[in-house]
Each structure stands twice: as C-alpha cells, then as structure tokens.
Amino acid sequence: MTDPITSPLRTMPAWAVLQRRLFDEVEEARRLFASRYTLADGRLRGVAEFEDRDGVDDLYEPFFNWPAFYALGGADEALADARRCWEGVTAQLTEAGMLSDEYENGYDWFHQGESVLLFAGLRAADPSDAAFAARARRFAALFTDPSRGNYDAERNIVRAPHNGALGARPGLEDPQPEGAAFEEAVRPYSADRAEMRPYGLPVQGLDGIASWDDLADPGNARRMADEMQRRAAGDVPVNLAATTLPALRWLDDGDEASAAWIRRYVEGWIQRAADNGGLLPDNVGPDGVTGSLHDGRWWGGHYGWAWPHGLHSVAMSALIGAINHSLVTGGDDALQMVRTMLDTVLAHAITGSVDASSYSLRGGWRARLGAAATEQGTLVPYRHGVDGWFDFGPLQLDLPTWLWWWSRSPGDRALLDRARAGLPSGTDLVAPFRDKEEAGHEAGWIAYLAGELPDYPERALEMALGQVARRVAMMLADDADPDAAHLHFWQRVNPVVTEVLTQLVGGAPQMLYNGGLPFTALSYEDVDRSRPGLPRDVAALVHRIDDAGIGLRLVNTSVVHTRTVRIRGGRFGADRIVRAAAAAESPGSYPGPSGSYAAPANPVRMRSWDCDGELVVVLPPAHGADLDLTIDRGADAPRLHAPGGAA
C-alpha cells in the first residue's frame, strides 16, 4: 500500500494542541512531585510508623498511574521514576514490617488491589524487565500454590478476607501484645470511631446492638469486635481481585497453571451466585458453605453487601475477576455476575437528590455533581442488611461503562445508557473534579462517543490541565496545608492525570481502581525510539468505538519533524487490527507557491487495505491521518508486548 494515508493540516486542531500540552505539563508537575516528596532511592519522605495492617496501599497509590502515563506517550523518566519509587517504597514497607519477600503480609483485597495497580502498570509498560517478571511469578504463586496458605484447593476458596505473603491471616487484627489471649487482642469497636459512623454497624443482627449509638456501651463494643474477628474467616468476593496476580503471570508466558486457577476460582463464585438466585453472595465459611459464619445469610461478609461500601466494593472486585476470567478463556460468561448486581440495584432504585440523601459516600458525589447534587436523579441501594436494601446513592458509572467496553454487547450498552439517564438533568459532564481514582467522567466520554457531546475532547483536556494546575498549587502550598501530614496527602496531590488521556488516546475507561489491569482499546509505539506510547508531538483521538472497530484521528503537531507510530489492537493484543481505511488527500501541489494566499485544495480519496494485526503510520510535519480500523476482537492470545513486536 503506497498511496498516502495522511493529509496536510490547514489548521492545527485545538484538541491536539491541548493534548500535547497536557503531556508536557503533567511531566513538569510529576518531576516536581518526585523531587519534593521522594528520596533518591524512591522512598516517600516522612512516613510515620504503622499501627496495624492498614496503610501499605497508601504508599504505592501516589504513583499508581505513572506507568500508564508513560505507556500512553509520557516521558521516559516517568517509567524510571515509577520503577524507582516502587523499589523504594517496597524497601520502606519491608523495614516497617508490613511486607514479606516484597509483598504485603496480608490485608483485604479492596486495599491490596490499590497497592497492586503500580506493580501491574510497571509490568504492562515494560515487559522486558526481568526482575519484575520474576516478581510477577512469585506473587501469582501466593494464590495458585496452595502450600502458600492462601488458597484451599479442596473447597476452592481463599481462606480468609485478609491474605497475602504470610498466607491467610486470622481475623482482622493481630494479637497485641504477642501471646495475649484472644479477648485481650481485639480492640473494642466503639462508637468513638467517628470516621466509621457513616457506614453503620459492621455486623448486623446482634442482640442488643441495633444502632451505632449502642456501641457506646463498652460491652457491646467488645462484643461487636469479637464478632467481627470471629467472622473474618473463609472467602469473600473482594478476593476476586486477587485474580489479577495470576493474570499478570499468564500475560507473560501463557502459564496454564495461572489460567486454570483463574478459571476455577471465578467459576466457583459463578456457581455460588447461581445457587443464590443469580446474585453474588458475600461470604463463604471455612467449610466452603455460603453463610455458615453468618447464620445462613448470603450477606454480611467483610467488605461485602452490608458493610462498609456494598456494591462499590463487591461489584468492582467481581468485575475485575470476571474480566480476568474472560482474558484467559475468551468468553464473557463471568460478566453475568455483574449484570445481575446492576439489574438488581436498578430494580430497587428510587428518585431523590444526593444532597437530601443519607448515602454514606455522598460527600464525594456532592463535589462531583456540584449544584446538580440538589436535583432529582436515580439513586440505587448500595447495601443490603437486616432491613433489606439501603444506603441509596447515584450508580457509579465505571461499572456499566467497563461492562459495555469489554463486551460491546447491545444489552450492556442499554444498561449503560439506562444508568447515564439516571444522572440529574443539570449534571456537568465535564465538571472540574478529581478523586484519588482519577476517574468519574465516564458519562461525558460516552456522550462524546455517541455524538451527543462533540466538544468533549477540548473541554476534557482543558479540565485536565486545570487539575494539574491545582495539584501543583497544593504542592507549593503544603507548608500551610493542615492536611499535609495525612497519609493520603500524596494521593491527593499526585499531578499525573490519565483519565482523559486513557479515554482519548487509549480508547478506554480509567483502570478499575481496586486491582484492575491497565487495558486500552489501542496501543501505540514510537517506532523511531522503539518505546511504547505516542511519539513526541503526536496526538491521538479515538472518536468511535463499536463492535466492528475504532475510528482514530492522528495529528503530528510538529511543523518540522516527521514522526512514525505503530498501532496495535488493544487488550494486550487480544484484539487484532485486520483492515484499515483512510480518508486522505491525493498527492498534489501542497503547499503551493509562496505568492498564493491560501494552500491549494487537493481531492480526498478513501483508501483501504488489509492489516496483519498492526499498522505503521508515517506522519510528515503538520500532517494528520483519519483512520477507520476494523478490529477482530479476541482473535489473538493476549500477551505483554515489548516494542518491536517481541513478547
């Protein structure tokens, strides 16, 4: 195919200029963060001692999306710093007694998943790193090898809600002091824990403990803590996020033992959901029986339907597990677990405003919706307890967005559109907000892809630049910030913004925050520099995604340099580019003679050609390419790919 597939630019698209500016500003701000808050070996400055099992995730999270930024086209230093900080924080946490053999001793997967994001991003961004490949094998074995103590192969369960390098951990707290009797080891769960009050009772149905204020009684507080400790055994669905570790191992070399473990473990939960009428239960006792530690109830497990976040944690982990299952099997059956959850909560939805609700996480939604928080919208129940469904809030759109993005099915798209329609009518789909997940603008992105919000790219990039500016300002004002000593401070000021770049460049939602892999619809390689991501000066805009393929616009914003980019199908190469078409000018007289006041126009022709999984586009200075890519989804075995095509 020798005909040109690019056209000269008469005007430089604003979205392209903004996108390249965002890459530059993020890198400047990221270097400021690294110099201000990390030591030469990658450790975070000023970390206090740890008092319990919590906190490991908080040291990895400030860097969670740095590898993704690099893989999209960020500076080489972004990957080097991400690796340096993983090494430094890992050493720091090991010295604090929180890790063994470079992995967390044991905690719940709602938090472990947050810790794993940085590691997963590093594996995806640099598959050639032998040290991290060895770690991926070692970490996967914590679950695939029953001798490590986390997995009960006979009952097909993870043995405890808290698990990790030391195997299944007993209860939720370690005995203090060492050797103390059980009743002396557990701290009473009292009403004084004001930060936990919005989430209510961790265990429901205990005689004499019907409300939060009942925990003011010391006896009740001790009894609540004892029950929490006793019931923290056996399996819970947030452990489905642990499938990410063997998935990373499998993406390296197709290890069948890792794939087999993912298949068997996820299918165990699929069967439990089927046995529960389709809805995923949240607890399995050490005996392998649902409800055996909860008086036969399908709800009540740790980080389950009743406490503390319900749908937010259960569906997130189930979706991660279902996607990992689909990754290794090529089938989408496991996604039904999540569809049933979303259908169920939507069936129990009410109409109301976030502002007037008692939703336990309404603070974040107030910030997200702004004035629209006072307007009527659809509120779904996030939790289920002794009195049925409760804790009503807006349905988070990352769940149905990822469901549709992965399956591309009409049914999942209808579910997504139903969820979008439940937002208050005055919702600003490009509102300038950002939380630690660096997500939340799914509605605006989907509206753009549907042709409903054509200026989303420009507005979203403007918004992202504003978020970088605010985080730099917060860093520079840290000496006057009363929250600067908080363990979450680094997450709050992380200036690397990737949600909009992932959407526009990668054609994907932001990664699922509690342990999801960094999938994209397309991947790029800078051919001249033999590294992942867009070349310097090149901007990309995915403007169409459907079951047939992807519409992509490439722009070389440099007026001097030619850039060359290789494009591959996404989902780690599972999706194969089989055909491409381009609308491009025929060779002609551009730029024309200097005496002409306007560049001559040449006829535009449509050219199409077959592809063998990838295509290489040479972009002369100030040229663009309009590409229509036909994708055979799931055609190839997904693998981690190094630049140049080597796996």
Side-chain angles (χ1 to χ4, degrees), residues 33-67 79-123 125 129 131-143 148-150 160-176 178 238-239 241-242 244-245 248 303 436 484-494 496 513-515:
F33 181 101
S35 65
R36 201 171 183 92
Y37 301 119
T38 71
L39 301 174
D41 63 357
R43 298 167 188 248
L44 279 163
R45 298 180 186 272
V47 178
E49 295 181 357
F50 295 90
E51 298 179 356
D52 52 34
R53 298 177 185 175
D54 186 25
V56 167
D57 55 303
D58 295 317
L59 272 66
Y60 288 114
E61 284 179 272
F63 316 101
F64 86 98
N65 57 353
W66 290 21
L79 179 65
D81 277 349
R83 184 185 291 112
R84 175 179 63 86
C85 290
W86 189 92
E87 299 272 10
V89 164
T90 297
Q92 195 169 21
L93 288 166
T94 299
E95 291 171 6
M98 302 296 285
L99 307 185
S100 297
D101 201 13
E102 298 187 313
Y103 196 81
E104 183 162 2
N105 291 338
Y107 203 38
D108 64 75
W109 263 92
F110 183 80
H111 292 92
Q112 273 195 70
E114 296 173 339
S115 301
V116 164
L117 287 178
L118 174 58
F119 180 80
L122 285 165
R123 286 302 303 126
D129 191 311
F132 277 84
R135 288 166 175 141
R137 293 191 292 272
R138 191 167 73 244
F139 297 166
L142 293 173
F143 294 89
R148 300 305 304 269
N150 288 306
H162 285 193
N163 50 75
L166 299 183
R169 309 287 304 273
L172 305 178
E173 298 179 357
D174 293 315
Q176 295 292 337
E178 184 175 352
V238 291
N239 285 335
T244 288
L245 293 178
L248 279 170
Y303 272 87
K436 74 172 186 175
H486 197 284
L487 195 59
H488 295 159
F489 173 77
W490 300 297
Q491 302 164 31
R492 295 168 181 168
V493 301
N494 170 23
V496 177
Y513 194 74
N514 295 100

Under the ring-ring contact (aromatic ring centres under 6.0 Å, His included) rule, collect the residues that match up with Phe132, sequence neighbours excluded. Trp86, Phe119

Mind telling me whether His111 and Tyr107 have parallel, tilted or perpendicular rings, with 30° and 60° as the class edges?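 Because their plane-to-plane angle lies in the 30° to 60° range, the rings of Tyr107 and His111 count as tilted.
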
According to side chain to side chain donor-acceptor pair (under 3.5 Å), who are the partners of [X], at least two apart in sequence or on a separate chain?
| X | result |
| --- | --- |
| Asn514 | Glu114 |
| Thr90 | Tyr60 |
| Arg148 | none |

May I ask you to test the [X]-[Y] pair for a side-chain heavy-atom distance under 4.5 Å?
| X | Y | value |
| --- | --- | --- |
| Asn494 | Trp66 | yes |
| Trp490 | Phe33 | yes |
| Asp57 | Val116 | no |
| Pro62 | Tyr37 | no |
| Phe63 | Leu44 | yes |

[X]: what forms a salt bridge (Lys or Arg N to Asp or Glu O under 4.0 Å) with it, not counting sequence neighbours?
| X | result |
| --- | --- |
| Glu104 | none |
| Asp41 | Arg43 |
| Glu49 | none |
| Asp81 | Arg30, Arg84 |

Main-chain N/O of Glu173 paired with Asp52 side-chain donor or acceptor, under 3.5 Å: no

Any donor-acceptor pair under 3.5 Å linking the side chain of Asn105 with the backbone of Arg53?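 No; judged by distance alone, with no hydrogens or angles, the pair does not exist.
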
First locate atom [atom1] of [X], then atom [atom2] of [Y], and finally report the distance between them rounded to the nearest 0.5 Å.
| X | Y | atom1 | atom2 | result |
| --- | --- | --- | --- | --- |
| Arg83 | Leu118 | CZ | CG | 11.0 Å |
| Leu59 | Leu99 | CG | CG | 9.5 Å |
| Arg123 | Thr244 | CZ | OG1 | 14.0 Å |

Who pairs with [X] by side chain to side chain contact (heavy atoms under 4.5 Å, CB included), at least two apart in sequence or on another chain?
| X | value |
| --- | --- |
| His488 | Asp58, His486, Gln491, Arg492 |
| Leu117 | Phe64, Met511, Tyr513 |
| Ala131 | Asp129, Arg135 |
| Asn163 | Trp109, Gln112, Phe143, Asn150, Val158, Asn239 |

Going through the checks in order, is the side-chain contact (heavy atoms from CB on, under 4.5 Å) test met by Leu79 and Leu122? CA-CA 8 Å; Leu79 179 65; Leu122 285 165; 3.8 Å; yes

Could you report the tightest heavy-atom contact between Ala165 and Ser100, atom names first, then the distance?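 Closest approach of Ala165 to Ser100, heavy atoms only: CB-O, 3.4 Å.
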
